[in-house]
Engineer: 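Just passing along the structure, written as structure tokens.
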Amino acid sequence: MTNFVYRRQITVEWGHCDPAGIVFNSRFFEFFDWNAWLMLEAALGVRPSDFAKVFGIMGMPIVDAKARFLAPAKFNDVVEIASEVSEFRRSSFDVQHRIAIDGRLAVEGSETRVWAAYDPDDPLKLKSKPIPAAVIERFRAA
């Protein structure tokens with residue numbers, strides 16, 4: 001059995017770049033986050049705006065993020081972003097991201113996210129919730 005992998009291509013735009021035309025490193029974390037939400041929507045068949053109604057959660061905030069920058073991405077490069085959940089725990093999960101240019105790995109990153117709802121005792125705080133087994137199954141591809 002393999003994991004569900006969400007892939008898409010984007011063209012690097014000038015707004016992603018520094019004045020030299022190279023993607024500013026912090027932008028990759030935006031790319032990771034953007035791809036993670038698209039992956040969740042594709043795997044679960046639910047728009048993120050409907051997660052509260054369907055799953056009783058407010059979202060999946062990031063509690064850790066890392067990246068390794070192996071090669072620069074430049075203005076007008078077409079990059080492929082591939083994201084997958086690499087591990088589920090009781091209420092958190094890890095997402096791995098790979099960004100390739102012309103088939104060569106340029107950036108790899110990871111995030112840890114928490115399945116979270118508003119705390120019923122203090123609505124200004126978040127509280128982790130167990131990830132439903134049915135959600136985890138949606139990330140397992142045959």
Engineer: Pick out which of E84, E108, E111 makes a side chain to side chain contact (heavy atoms under 4.5 Å, CB included) with H97.
Structural biologist: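 The side chain to side chain contact (heavy atoms under 4.5 Å, CB included) with H97 is passed solely by E111 among E84, E108, E111.
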Engineer: Could you tell me which non-hydrogen atom of W115 sits nearest to which non-hydrogen atom of P130, and how far apart they are?
Structural biologist: CD1-O, 3.6 Å
Engineer: Check for me whether R47 meets the cation-pi criterion with W37, that is, NZ or CZ under 6.0 Å from the six-membered ring centre and within 45 degrees of the ring axis.
Structural biologist: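 That pair does not qualify as a cation-pi contact.
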Engineer: Answer with yes or no after comparing the ring centroid distance for F93 and F139 against a 6.0 Å cut-off, counting only values under it.
Structural biologist: no
Engineer: Which residues pass the side chain to side chain contact (heavy atoms under 4.5 Å, CB included) test with K53, not counting sequence neighbours?
Structural biologist: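 For K53, the residues satisfying side chain to side chain contact (heavy atoms under 4.5 Å, CB included) (neighbours in sequence not counted) are D50.
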Engineer: Should E137 and R140 be marked as a salt bridge (charged side-chain N to carboxylate O under 4.0 Å, His left out) after you check the CA-CA gap, both sets of side-chain angles, and the distance that decides it?
Structural biologist: CA-CA 5 Å; E137 274 306 305; R140 306 288 181 231; 5.2 Å; no
Engineer: Determine, using the 4.5 Å side-chain heavy-atom cutoff (strictly less than), whether Y118 and M60 are members of one ILVMFWY cluster.
Structural biologist: no
Engineer: Classify the ring geometry between F28 and F32 as parallel (under 30°), tilted (30 to 60°) or perpendicular (over 60°).
Structural biologist: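 Tilted: the ring planes of F28 and F32 meet at 30° to 60°.
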Engineer: Backbone N or O of D119 within a donor-acceptor pair of the D122 side chain at under 3.5 Å?
Structural biologist: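 Judged by distance alone, no pair lies under 3.5 Å.
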Engineer: Is it true that V95 and L44 fall in one hydrophobic cluster, defined by side-chain heavy atoms closer than 4.5 Å?
Structural biologist: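 Cluster IDs for V95 and L44 match.
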Engineer: With clusters defined by side-chain heavy atoms of hydrophobic residues (ILVMFWY) lying less than 4.5 Å apart, directly or transitively, does Y6 cluster with F88?
Structural biologist: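 Yes.
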Engineer: Report the C-alpha separation of R7 and E80 in whole Å, then their side-chain angles, then the decisive distance to 0.1 Å, and conclude whether the salt bridge (charged side-chain N to carboxylate O under 4.0 Å, His left out) test is met.
Structural biologist: CA-CA 7 Å; R7 297 177 196 283; E80 180 183 79; 3.7 Å; yes
Engineer: Would you check, one step at a time, whether the test side chain to side chain contact (heavy atoms under 4.5 Å, CB included) holds for E13 with T11?
Structural biologist: CA-CA 6 Å; E13 298 179 17; T11 300; 5.5 Å; no
Engineer: Where is the tightest heavy-atom contact between A116 and I57, given as atom of each residue plus distance?
Structural biologist: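 Shortest heavy-atom separation between A116 and I57 comes out as O-CB, 3.1 Å.
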Engineer: Yes or no on side chain to side chain contact (heavy atoms under 4.5 Å, CB included) for N76 and V12, after CA distance, side-chain angles and deciding distance?
Structural biologist: CA-CA 5 Å; N76 277 333; V12 173; over 6 Å; no
Engineer: What are the two closest heavy atoms between S128 and V114, and how far apart are they?
Structural biologist: CB-CG1, 3.6 Å
Engineer: When the aromatic ring centroids of H16 and F75 are compared, is their separation below 6.0 Å?
Structural biologist: no
Engineer: Starting from I136, can I reach V46 by hopping between I/L/V/M/F/W/Y residues whose side chains sit under 4.5 Å apart?
Structural biologist: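 Both belong to a single hydrophobic cluster.
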Engineer: Between the side chains of S86 and D94, is a donor N or O closer than 3.5 angstrom to an acceptor N or O?
Structural biologist: no
Engineer: Give me the atom names and distance for the closest heavy-atom approach of A71 to V107.
Structural biologist: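 Scanning both residues, the minimum pair turns out to be O-CG2, 4.4 Å.
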Engineer: Check for a donor-acceptor pair, side chain of R113 on one end and backbone N or O of A36 on the other, with a separation under 3.5 Å.
Structural biologist: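 Flag not set: sc R113 to bb A36 has no pair under 3.5 Å.
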